[in-house]
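For ligands, and for the atoms within them, numbers begin at 1 and follow the listed sequence.
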Amino acid sequence: MGVIRSVVSGTGSYLPERILTNKELEKKVDTSDEWIVERTGIKQRHIASETEVTSDLAVKAAIKALESANLAATDIDLIVVATSTADQTFPSTATTVQFKLGNTNGAAFDVQAVCSGFVYALTVADNFIKAGQSKHALVIGAETFSRILDWEDRTTCVLFGDGAGAVVLSAHNGAGNNNDRGILASRIHSDGTYNDLLYVDGGVSSTGTIGFLRMKGKEVFRHAVVKLAGVIGEVLEDSNMTSENIDWIVPHQANKRILDGTARKLQIDPEKVIVTVDKHANTSAASIPLALDEAVRDGRITKGQVVILEAMGGGFTWGACLLRW
Ligand code: ACO
């Protein structure tokens with residue numbers, strides 16, 4: 001039976017110019033390049049300039065994604081921005097992106113699921129496309145996490161960076177089997193029990209302040225590998241596939257040890273895991289589309305391959321998408 005599939009028709013990304021190395025961080029807090037590399041794999045991160053806001057990063061990534069899809073901004077009928085670092089409390093960053101792109105078609109809104117934001121946003125957009133409510137959706141992950149870091153807390157400030165990535169999802173007709181191109185399965189989960197393991201200690205209706213990111217890293221780590229391996233298993237099962245069918249995993253880039261641990265648990269060759277955490281650190285909702293764009297542009301990900309995107313973040317939230325490129 002014929003079905004509508006959401007096919008990625010373009011990718012793009014943007015990183016702020018300023019690079020902050022581990023060596024520079026040694027001068028700010030009591031840390032060392034050696035500790036950061038050994039525990040996380042991170043060597044550097046990009047930091048937005050004082051005048052750059054999240055929507056600026058998002059727009060730059062979006063323009064590149066539109067170019068690679070060969071589409072104009074006015075062809076887009078849905079914009080979903082995944083972010084936890086919005087320009088303003090309201091309106092949404094997505095409507096600002098829409099305005100900056102010169103688009104007034106359709107709808108634009110934000111999705112907030114922290115590091116899982118991009119998987120959530122992609123799942124939402126996929127459902128709009130499958131329901132026939134969108135033909136070309138722009139899905140963006142964009143963050144300025146440097147603005148919510150406590151630069152005196154060495155346990156968190158060394159882990160994050162700023163950036164943006166985007167994809168265009170376009171409606172295509174499929175046969176309804178797992179040979180179709182496009183998103184074949186997606187699963188998203190949340191469990192608010194774990195709020196206190198990873199959160200920001202401020203908010204509009206609580207403290208009236210922006211707050212800083214707080215994390216119990218060891219406990220987050222413990223949950224990450226189990227939950228990520230579990231949700232990857234779910235999308236494989238939904239698609240009638242096994243880990244042997246996977247060509248590439250594009251994980252949320254939090255920590256090299258989480259990436260290695262998840263690959264090991266699923267018995268997937270580490271060579272099939274796209275890694276950018278060394279250069280970008282954790283850019284939350286932006287990390288998957290940033291890594292995806294790199295692997296598409298350097299020719300690793302090619303048409304017809306099976307790609308899994310997976311993430312876990314504050315909430316906890318977690319999820320995975322399986323797609324045939
Ligand atoms: N530099 C030097 N020493 C440090 C630093 C630092 N930047 N940060 C912590 N330490 C010290 C600690 O104070 C501690 O010292 P102590 O033993 O004297 O008390 C020691 O290093 C060990 O600290 P741990 O927290 O036990 O170190 P761990 O091996 O767990 O690594 C880390 C910490 C990297 C945060 C790890 O737990 C982790 O990656 N967790 C996952 C968290 C994550 O990635 N979250 C992102 C969002 S969720 C997601 O995306 C999956």
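- Close to ligand 1: Asn282, with a non-hydrogen atom less than 4.0 angstrom away.
- Across the listed options Gln253, Met312, Glu26, Met215, Met215 owns the non-hydrogen atom lying nearest to atom 45 (N) of ligand 1.
- Residue Arg154 places at least one N or O, backbone or side chain, under 3.5 Å from an N or O of ligand 1.
- In terms of protein heavy-atom proximity, atom 41 (C) of ligand 1 is nearest to Gly217 O, 3.5 Å.
- Of all the heavy atoms of Ile36, none lies under 4.0 Å from any atom of ligand 1, so neither backbone nor side chain is involved.
- By the neighbour-count criterion of 12 heavy atoms within 6.0 Å, atom CD of Glu237 is sparsely surrounded, having that number or fewer from other residues, nucleotides or ligands.
- With respect to the salt-bridge test (charged N to carboxylate O, under 4.0 angstrom), the residues Arg214 and Asp150 qualify.
- Ser49 and Thr51 share a side-chain donor-acceptor pair at under 3.5 Å.
- Of the candidates Arg39, His252, Lys216, Arg39 brings a heavy atom nearest to atom 22 (C) of ligand 1.
- If you number the atoms of ligand 1 from 1 as listed, the ones under 4.0 Å from a heavy atom of Ala254 come out as 44 (O), 49 (C), 50 (O), 51 (C).
- For the pair Asp162 and Arg18, the salt-bridge criterion is not met [side-chain N within less than 4.0 Å of a carboxylate O].
- With distances taken over non-hydrogen atoms, the option nearest atom 35 (C) of ligand 1 out of Leu25, Leu159, Thr317, Val225 is Leu159.
- If you check the side chains of His46 and Glu17, you find no donor sitting under 3.5 Å from an acceptor.
- Taking a cutoff of 4.0 Å between a charged side-chain nitrogen and a carboxylate oxygen, Lys23 and Asp33 do not qualify as a salt bridge.
- Ile249 and Val8 sit in two unconnected hydrophobic clusters of ILVMFWY residues. Membership requires side-chain heavy atoms under 4.5 Å apart, directly or through other members.
- Annotation: atom 1 (N) of ligand 1 to nearest protein heavy atom, Thr31 OG1, 2.7 Å.
- Residue-ligand proximity, Lys218 to ligand 1, at heavy-atom distances under 4.0 Å covers atoms 26 (O), 30 (O), 37 (O).
- When hydrogens are left out, the protein atom nearest atom 33 (C) of ligand 1 is Trp35 CH2, 3.9 Å; that is the closest non-hydrogen contact.
- The nearest protein heavy atom to atom 25 (O) of ligand 1 is not closer than 4.0 Å.
- For the atom pair Tyr120 OH and Ser190 OG, the distance stands at 4.0 Å (nearest 0.5 Å).
- Of the candidates Ile42, Val158, Asn255, the one placing a heavy atom closest to atom 39 (O) of ligand 1 is Asn255.
- With respect to the salt-bridge test (charged N to carboxylate O, under 4.0 angstrom), the residues Arg264 and Asp260 do not qualify.
- Taking a cut-off of under 4.0 Å to the non-hydrogen atoms of Leu198, the atoms of ligand 1 that pass are 47 (C), 48 (S).
- Residue Thr40 approaches ligand 1 through these ligand atoms, each under 4.0 Å from one of its heavy atoms: 34 (C).
- Protein heavy atoms are absent from the space less than 4.0 angstrom from atom 18 (O) of ligand 1.
- Rounding to the nearest 0.5 Å places CG of Leu15 at 11.5 Å from NZ of Lys60.
- Within a 4.0 Å radius of atom 14 (C) of ligand 1, the protein contributes no non-hydrogen atoms.
- At a distance under 4.0 Å, a protein heavy atom can be found next to atom 43 (C) of ligand 1.
- In summary, the side chains of Thr40 and Asn255 do not present any donor paired with an acceptor at a separation below 3.5 Å, with no hydrogens or angles considered.
- Note that atom 37 (O) of ligand 1 has protein non-hydrogen atoms nearby, at separations under 4.0 angstrom.
- A donor-acceptor pair is defined here as one N or O able to donate and one able to accept, closer than 3.5 Å; such a pair exists between the side chain of Asp110 and the backbone of Thr93.
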